[in-house]
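Note that the structure is predicted; figures quoted are calculated from it, not measured. Side chains are part of it too, since the values below use all heavy atoms of this structure and drop only hydrogens, waters and symmetry mates.
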Amino acid sequence: MPAIDIHAHYYEPIQQVAPAPGWWPEERRAEHARSIAVLKDFDRLIEVADEAKVDTRVLSLPAASRFDDFDTTPPHLDEIATLNEYLADGVRSHPGRLLGLATIDAFAGEDSAAEVRRAADELGLSGIVVDSGKADVFLGAPQTVPTLQEAAHLGIPVFVHPTGTSLTPTLIEQAGQLGSSYGRGLANGVALLSLIHRGLLDEIPNLRVVFTTLGIGSLGIAGTWRARGGLAAEDGRWQVYFDTMGFDAQNIAYLVSVLGARRVLLGSDFPHQVDATEERVAAALTGAGISPADQELIRGGNAADLLTRRPAAQPA
């Protein structure tokens, strides 16, 4: 089974990338600078994937990562449309090696839904990436429902990316990088709990949503409700997935215990976290006590299935 990394990033060539935070360790700041050039070049992205023995990268660029004023200004709809066209061109130029998740500002209501349709039907992108929250309003709020409905209708997955919140500066002040990561995981987890709380996983048939390991704490909270059975259901309800970001064997074992192996996806957060090298993936999955057959599902089988479009019979 080819290795498919569901959580990898790219940059637009014209994108102005903020310098690394001063509180990052010097080694990480230097690596950040080296990564920028790679992220702006699809050919170099594939070179790095070859080194890691990753067969396919699923690329995404969340709106909050692309636009520094994401929380405070009207949606950048024209720029997002151009960004998705650039990604689609890169994917078409590297068949089999790259897939793309369209950037969507899910908080822009029907305008977002229209871009979801265009990205899937005209540009041929495989899914969408949305941010967990915007200005402390989280995915699942009424303005985000059109995006979720349209993705479900089109049969494409929704990757929910962690984002900062108003707490982020305080978390960084108190706990540095760990505080920043925890805060982003909090936002990611709240997005899942918001979907559960508002009943959207029940109300939107065919909705398939992917979260990151940073949001793993939400599964413990969901487990105190009726949610756990729904999260792990095999009858098409509540199609919730998590990635393997960080490649910690204990975290992966927990994800599999809650969701089942068919709901866990290989995901690295390349290049911001450690890459999905063949050796690292094998060590993490074996260390988690996962059978060879289930390891193949996590390495690529689940992603291949998830990224296969299943349009709904009825319009959204």
No-hydrogen, no-angle side-chain donor-acceptor test under 3.5 Å, T212 and N188: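 Their side chains do contain a donor-acceptor pair, which is all the 3.5 Å distance test asks for.
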Any side-chain donor-acceptor pair under 3.5 Å between H272 and H7?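 Checked: H272/H7 side chains show no N/O donor-acceptor pair below 3.5 Å.
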Would you give the length of the straight line joining atom CD of Q239 to atom CZ of R262, rounded to the nearest 0.5 angstrom?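 Going from the CD atom of Q239 to the CZ atom of R262 covers 12.5 Å.
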Just checking, any donor-acceptor pair under 3.5 angstrom between side chains of D269 and H9?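 Yes, H9 and D269 have a side-chain donor paired with an acceptor closer than 3.5 Å.
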Give a yes or no on whether L255 and L266 share a hydrophobic cluster (residues Ile, Leu, Val, Met, Phe, Trp, Tyr; joining criterion: side-chain heavy atoms under 4.5 Å apart).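 Yes; L266 is reachable from L255 via cluster members.
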Hey, could you give me the CG/CG distance between D5 and D243, rounded to the nearest 0.5 Å?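 Rounded to the nearest 0.5 Å, the CG-CG separation comes to 8.5 Å.
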Could you walk me through whether K53 and T277 pass side-chain contact (heavy atoms from CB on, under 4.5 Å), step by step? CA-CA 6 Å; K53 298 183 180 179; T277 64; over 6 Å; no
Hey, quick one: are L186 and L219 part of the same hydrophobic cluster, counting side-chain heavy atoms closer than 4.5 Å, chains of contacts allowed?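 No, it is not one cluster - the side chains of L186 and L219 are not joined through contacts under 4.5 Å.
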Pairs under 3.5 angstrom only: tabulate donor-acceptor contacts from the side chains of residues 166-174 to other protein residues two or more places apart or in another chain.
unit_1	atom_1	unit_2	atom_2	d
S166	OG	D136	OD2	2.5
T168	OG1	T165	N	2.9
T168	OG1	T165	O	3.0

Any carboxylate oxygen within less than 4.0 angstrom of a Lys/Arg side-chain nitrogen, looking at E150 and R118?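 Looking at R118 together with E150, the answer is no, because their closest N to O distance does not fall below 4.0 Å.
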Tell me who clusters with I36, hydrophobic residues only, linked when side chains sit under 4.5 Å apart either directly or through other members.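 Its cluster partners, ordered by chain and number, are Y10, Y11, V17, V38, L39, F42, L45, I46, V48, L59, L61, L83, Y86, L87, V91, L98, L123, L125, F270.
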Answer yes or no: is there a donor N or O on one side and an acceptor on the other, between the side chain of S112 and the main chain of I104, under 3.5 Å?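 Side chain of S112 to backbone of I104, a donor-acceptor pair under 3.5 Å: no, none is there.
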If you look at every heavy atom in A120 and I156, which pair is closest and at what distance?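 So the minimum-distance heavy-atom pair works out to CB-CD1, 4.0 Å.
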Looking at D131 and R184, is any side-chain nitrogen of the basic one under 4.0 Å from a carboxylate oxygen of the acidic one?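 Salt bridge between R184 and D131, a charged N being under 4.0 Å from a carboxylate O: no.
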Are any of the side-chain nitrogens in R66 or E12 under 4.0 Å away from the carboxylate oxygens of its partner?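 Yes.
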Is L259 reachable from I221 through a run of I, L, V, M, F, W or Y residues, each pair having side-chain heavy atoms under 4.5 Å apart?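 Yes.
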Please report the closest heavy-atom contact between S126 and P157, naming both atoms and the distance.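 Closest approach of S126 to P157: O-CD, 3.3 Å.
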Taking atom types as modelled, find out whether Q295 and S291 have a side-chain donor-acceptor pair closer than 3.5 angstrom.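 Their side chains do not contain a donor-acceptor pair, so the 3.5 Å distance test is not met.
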I need the R299 CZ to M1 CE distance, nearest 0.5 Å.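 Rounded to the nearest 0.5 Å, the CZ-CE separation comes to 9.0 Å.
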To the closest 0.5 Å, what do you measure between NZ (K40) and CD1 (I14)?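 It is 9.0 Å, given to the nearest 0.5 Å.
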Measure the shortest side-chain to side-chain distance between M245 and L214 over non-hydrogen atoms and say whether it is less than 4.5 angstrom.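 The answer is yes, as the side chains (C-beta and beyond) meet within the 4.5 Å cut-off.
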Return yes if a side-chain donor-acceptor contact under 3.5 Å exists between T213 and N251, otherwise no.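 No, N251 and T213 have no side-chain donor paired with an acceptor closer than 3.5 Å.
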Got V240 and F211 here, is their nearest side-chain heavy-atom distance under 4.5 Å?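 Touching, per the 4.5 Å side-chain cut-off.
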Given K134, which partner from the list D71, D69, D105 fulfils the salt bridge (charged side-chain N to carboxylate O under 4.0 Å, His left out) test?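 The single option meeting the salt bridge (charged side-chain N to carboxylate O under 4.0 Å, His left out) with K134 is D105.
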Does the S180 side chain pair with the main chain of G176, one donor and one acceptor, at a distance under 3.5 Å?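 The answer is no, because no donor-acceptor pair under 3.5 Å joins these two groups.
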Closest non-hydrogen atom pair between I298 and A261, with its separation: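 Smallest interatomic distance, heavy atoms only, reads CG1-O, 3.8 Å.
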Exam field: side chain T286 to backbone A283, donor-acceptor pair closer than 3.5 Å: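 No; zero donor-acceptor contacts below 3.5 Å.
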Non-hydrogen side-chain atoms of D275 and F247 separated by less than 4.5 Å: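 They are not in contact (no side-chain heavy atoms under 4.5 Å apart), so the answer is no.
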State, to 0.1 Å, how close I204 and A152 come at their nearest heavy-atom pair, and which atoms those are.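 Nearest pair, atom of I204 first, then A152: CG2-CB, 3.5 Å.
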Ion pair R309/D121, N-O distance below 4.0 Å: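 Salt bridge between R309 and D121, a charged N being under 4.0 Å from a carboxylate O: yes.
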Considering the options N84, V158, T103, which one meets the side-chain contact (heavy atoms from CB on, under 4.5 Å) requirement together with I128?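 Of the listed options, the one satisfying the test is V158.
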Are L99 and L101 joined in one hydrophobic group, where the rule is that I, L, V, M, F, W and Y side chains link up if heavy atoms are under 4.5 Å apart?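 Linked, L99 and L101 end up in one cluster.
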Grab the two heavy atoms, one from A303 and one from I4, that are nearest each other, plus how far apart they are.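 Looks like CB-CG2, 3.8 Å.
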Are the side chain of R263 and the backbone of F242 linked by a donor-acceptor contact shorter than 3.5 Å?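 A pair under 3.5 Å: no.
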So L192 and V160, do their side chains get closer than 4.5 Å, heavy atoms only?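 SC-SC contact between V160 and L192 ruled out.
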Report, one line per pair, each donor and acceptor closer than 3.5 Å where one atom sits in a side chain of residues 140-147; sequence neighbours left out.
unit_1	atom_1	unit_2	atom_2	d
T144	OG1	G140	N	2.9
T144	OG1	A141	N	3.4
T144	OG1	A141	O	2.7

Has the side chain of N302 got a donor or acceptor atom that lies under 3.5 Å from a matching backbone atom of L265?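 Not at all, since once roles are kept as given, no pair shorter than 3.5 Å links the two residues.
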Is any side-chain heavy atom of R97 closer than 4.5 Å to one of T56?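 No, side chains not in contact.
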Is the side chain of S257 donor-acceptor paired with the backbone N or O of Y254 at a distance under 3.5 Å, no angle test?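 Flag set: sc S257 to bb Y254 pair under 3.5 Å.
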same_hphob_cluster(V256, V258) at 4.5 Å side-chain heavy-atom cutoff: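 Same cluster: V256 reaches V258 through Ile, Leu, Val, Met, Phe, Trp or Tyr contacts under 4.5 Å.
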If you measure from OG on S268 to CZ on R280, what distance do you get to the nearest 0.5 Å?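 Answer rounded to 0.5 Å: 9.5 Å.
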Would you say the side-chain atoms of S194 pair up with the backbone N or O of L139, donor to acceptor, closer than 3.5 Å?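 Indeed, once roles are kept as given, a pair shorter than 3.5 Å links the two residues.
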Looking at every heavy atom in both I6 and F159, which two are closest together, and how far apart are they?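 Here I6 and F159 meet closest at O-CE1, 4.1 Å.
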Nearest-0.5 Å distance, CD of residue Q250 to CD1 of residue I216: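 With rounding to 0.5 Å, CD (Q250) is 10.5 Å from CD1 (I216).
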